[in-house]
Amino acid sequence: MSLSARWTEALDGLKAQGRFRSLTPPRGIDFTSNDYLGYGHWTAAVPAAPEAAAGTAAVQFSGTASRLLRGHPVWAEVEAELAAWHGAESALMMTSGFVANEGLLSTVVEPGDWVASDERNHASVAEGLRVCRPRRFVFRHNDLGHLEDGLRAEAAERPPGRELFVVTESLFSMDGDRAPLPEVVGLAERYGARVIVDEAHSTGCFGPTGSGVVDDLGLRPRVLATVHTGGKALGVTGAYVCGSRLLRDFLVNRCRHLIFTTALPPAVGAWWLDVLPRVKADAAGRVSLHANAARFRAALAERGVPALGDAYVVPVVLGDDARAVRVAGRLQELGYDIRAIRPPSVPPGTARLRISVHADHPPELLDRLAAHLAEAVRA
Ligand SMILES: *Cc1c(COP(=O)(O)O)cnc(C)c1O
């Protein structure tokens, strides 16, 4: 079979299953992006360079090289701000959350180690674990009993030198629910495992200064590392790993995803410095975000439309792929940008709408959407 025939066959298979995807431009009011706090619209001019930069302006749009070959002073400033925000020893910027997860896991976890991973963890976690090939235990979503079964069995036969890890998201991107983090951390401690938390969807949105769920629950000293992206609520690009100074040194020396890739542009660093104080101060945005989520969820419940989870990611499971596409299409006709989420992003038979409530959605708009959604689901 020729290469083009192989690809055509694969794509035809997806089309037959109603799973063919394409990249499409925005098509209405944004209920689909992860711009939870509405910062995605910010277009302020990139602020001037921190003067420390030796002759290189922070507005520069080229990273020019790996950070190890030619760094830029803006990143030390950004990382100091981030570490202080989280009350962590260190932060290390990476080019994206996907890269940060894959880089962190593939550097820290060695082939003889054992990793328990929630079945709904992001693809970048799965990818990191695929690369480092540990012994893997995928536990049922947020199922503490199942996690403990795995930990108990593993801890009983643990040879010296084998490390145990537990990886979970704090707020799950496709289910809109939170991991029972205090319990997960407690179990990990009982069996000598280290915890890594992906805070992609909670960064900016939880805690008095928005630093995330781990900090809000006071769990920082009890986790090995957290991963945060700027690409969601923070309205910027890039991501970072928070942890000990030793972890940072280890990553700087070993993480191929940092060493062998061009640094983010200094202009992006300047944007982080601009964004961070605004995020920390935006308690009002967080209040609106959670209030909007509660209002929208109540409006759906009133109309008999069940939704998963309890946060601003509001998944309405429709089951069948074609049905999800049809209902999303109807809502798009009505002016809402809402898209069907299908396998492999979610398990087969659980295709869904994933409505992303934002802090700046007017409450009446949320009510109107709930009414339209209830109609579209019943049609
Ligand atoms: C989006 C996402 C990532 C990847 O972050 P990017 O900065 O977009 O690459 C990682 N983990 C989770 C849970 C995500 O939702």
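Start at 1 and go down the list; that is how both ligands and their atoms are numbered. Each residue takes its place number in the sequence, starting with 1.
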Note: ligand 1 atoms sitting under 4.0 Å from heavy atoms of Thr229 are 5 (O), 6 (P), 7 (O)
Under 3.5 Å side-chain donor-acceptor pair for Thr226 and Arg220: yes
Examine Gly238 against ligand 1 and note whether any of their N/O atoms are separated by less than 3.5 Å. no
Per-atom contacts, ligand 1 versus Ser96 - under 4.0 Å to a heavy atom: 7 (O), 9 (O)
Yes or no: does Ala239 have any heavy atom under 4.0 Å from an atom of ligand 1? no
Please identify which atoms of ligand 1 are closer than 4.0 Å to at least one heavy atom of Gly97. 4 (C), 5 (O), 6 (P), 7 (O), 9 (O)
Checking contacts here: is it the side chain or the backbone of Asn101 that comes within 4.0 Å of ligand 1, counting heavy atoms only? Could be both or neither. side chain
Per the side chain to side chain contact (heavy atoms under 4.5 Å, CB included) rule, which among Leu373, Leu331, Leu366 passes with Ile355? Leu373
Among Ser124, Ser96, Ser106, exactly one meets side-chain hydrogen bond (donor to acceptor under 3.5 Å, both in side chains) together with Asn101. Which residue is that? Ser124
Within this structure, what is the CG-CZ distance for the pair Leu308 and Phe172, rounded to the nearest 0.5 Å? 13.0 Å
Touching ligand 1 at all, Ala200? Heavy atoms, strictly under 4.0 Å? yes
With respect to Ser173, determine whether any N or O atom, backbone or side chain, lies less than 3.5 Å from an N or O atom of ligand 1. no
Using only heavy-atom distances, determine whether the side chains of Glu199 and Ser170 contain a donor-acceptor pair under 3.5 Å. yes
